[in-house]
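Take a look at the structure set out below.
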There are 2 protein chains.
Amino acid sequence: MQLSNTSQYAIRMLAYMADKKDSPLINATELAKVLQIPYKFLTKIMTELVKADLVVSMRGREGGYSLSKKASDIKVDDILNIFHDSIQEEQCVLGIGFCNGMCKCALHDQWMEPKLLLQKMFRESSLEDIAGKGCKI
Amino acid sequence: MQLSNTSQYAIRMLAYMADKKDSPLINATELAKVLQIPYKFLTKIMTELVKADLVVSMRGREGGYSLSKKASDIKVDDILNIFHDSIQEEQCVLGIGFCNGMCKCALHDQWMEPKLLLQKMFRESSLEDIAGKGCKI
DNA sequence: ATTAATTACTACTTTAAGGTAGTATTAATC
DNA sequence: GATTAATACTACCTTAAAGTAGTAATTAAT
């Protein structure tokens, strides 16, 4: 019952970038060092964030990454969606596939309330909300 | 953000057994067929449930499995604990390791409410509560 | 132009979860 | 006692996530 490492890394990376919004570009070396994320894995994830248009990259010397839009306009759920880690409507606690109108899992009713809260948390929390909060690692 | 297949299978297996409490013993072949769980994987999981004392097994011809105690005394969380899938106190949304007093993750506060509801759901839902609910597969 | 510092791409390795196969053990039935 | 039908055990295979390595492409500074 946890987010994938990849999603967690991505959220922390973007939150750090949101926090340092003064510096126009942040490079992978700095991010990897501060956030204690394996450098090569970080760049791999970052490339996906670039492709998903959450981040813009500048190659070459003095290059780096920056958010593609205002931190308040990037929600945690946007990040989870990239890595297929968001909570889908039909997704239930049991049911390796999904619950649906025809076939609800045994914990369907109990799941409703926590599910809604989780979705709310992911959908309403923006990078601005979480930037600078908590420790970096 | 989902339970492991193993935990989901285990919960469904035990819920089905709770539902058929009249029949003293239920065998793996029936369970695998009804619940659509791979037979060999099911027996592997069941052996762990036996070792964890949630299930008693009877070997040999006419053998099978039965719950070791009343369905109302087996909580979903007991099952999750066996497969290290329960939500730990220090476990947070981010923080590949764990959040703690010293180092809270950026989503720590937002996570509190859904986390408590999830823990409540797992700790308070017994096999009796979920037996017969929902469809089997 | 050359160099240095950066991201992007391709391919591989490692690890853990999920799943399978075959054999040994057990116990009721015949 | 032999057979049959069940669980238990050991070892393996498969798949996907996590992580690594090396090279190509790009761009600012020199």
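In what follows, every chain begins at residue 1, and chains take the letters A, B, ... in the order their sequences are listed.
Between the B/Asn81 side chain and the B/Ser86 main chain, no donor and acceptor come within less than 3.5 Å of each other.
Counting heavy atoms from C-beta on, the side chains of B/Met121 and B/Val76 never come closer than 4.5 Å.
For D/dA18, the OP1/OP2 oxygens have no side-chain nitrogen or oxygen of A/Tyr39 closer than 4.0 Å. One finds a side-chain N or O of A/Tyr9 lying less than 4.0 angstrom from the OP1 or OP2 phosphate oxygen of D/dG19. Taking side-chain N and O atoms only, B/Ser57 has no distance below 4.0 Å to OP1 or OP2 of D/dT7.
No contact: B/Thr43 has no heavy atom under 4.0 Å from any strand. Note on B/Tyr65: only backbone sugar-phosphate atoms sit closer than 4.0 angstrom, heavy atoms only; bases stay farther off.
Going from atom CG of A/Leu42 over to atom P of C/dA8 covers 11 Å, rounded to whole Å. Look at CG on A/Asn27: it is 9 Å from C1' on C/dA5, rounded to the nearest Å. One can place CG of B/Leu31 at 13 Å from C1' of D/dA6, the figure rounded to the nearest angstrom. Between B/Gln36 atom CD and C/dG18 atom C1' the separation is 17 Å, expressed in whole Å. Per the geometry, CD1 belonging to B/Ile45 stands 8 Å off P belonging to C/dG19, to the nearest Å. What separates NZ of B/Lys40 from P of D/dA8 is a distance of 12 Å, to the nearest Å. Nucleotide D/dT7 holds its P atom 13 Å from the CG atom of B/Leu49, rounded to whole Å. We find that CD of B/Glu48 is positioned 11 Å from P of D/dC9, with the value rounded to whole Å.
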Can you pull every protein N or O that's under 3.5 Å from an N or O on nucleotides 26-29 of chain D?
unit_1	atom_1	unit_2	atom_2	d
D/dT26	O2	A/Gly60	N	3.3
D/dT27	O2	A/Arg61	N	3.1
D/dA28	O4'	A/Arg61	O	3.4

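B/Leu117 belongs to a hydrophobic cluster whose remaining members, ordered by chain and number, are A/Leu117; membership requires side-chain heavy atoms of ILVMFWY residues under 4.5 Å apart, directly or through intermediates.
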Query raised in the report: What one-letter contact string describes nucleotides 10-17 of chain C from 5' to 3', where B marks a base within less than 4.0 Å of any protein heavy atom, S marks contact via sugar-phosphate atoms alone, and - marks no contact?
Result: -B------
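Nearest to the side chain of A/Phe41, among C/dT7, D/dA18, C/dT20, sits D/dA18.
A distance of 8.5 Å separates CG in B/Asn5 from CD1 in B/Ile45, rounded to the nearest 0.5 Å. Rounding to the nearest 0.5 Å gives a distance of 10.5 Å between CG of B/Leu127 and CG of B/Asp19. Atom CD of residue B/Gln36 and atom CG of residue B/Leu31 lie 12.5 Å apart, to the nearest 0.5 angstrom.
Between B/Trp111 and B/Met1, the shortest heavy-atom contact is CZ3-CE, 3.8 Å.
Between A/Tyr65 and the options A/Leu14, A/Ile26, A/Val50, a side chain to side chain contact (heavy atoms under 4.5 Å, CB included) holds for only A/Val50.
In this structure, A/Glu30 pairs ionically with A/Lys20, as a charged nitrogen and a carboxylate oxygen lie closer than 4.0 Å.
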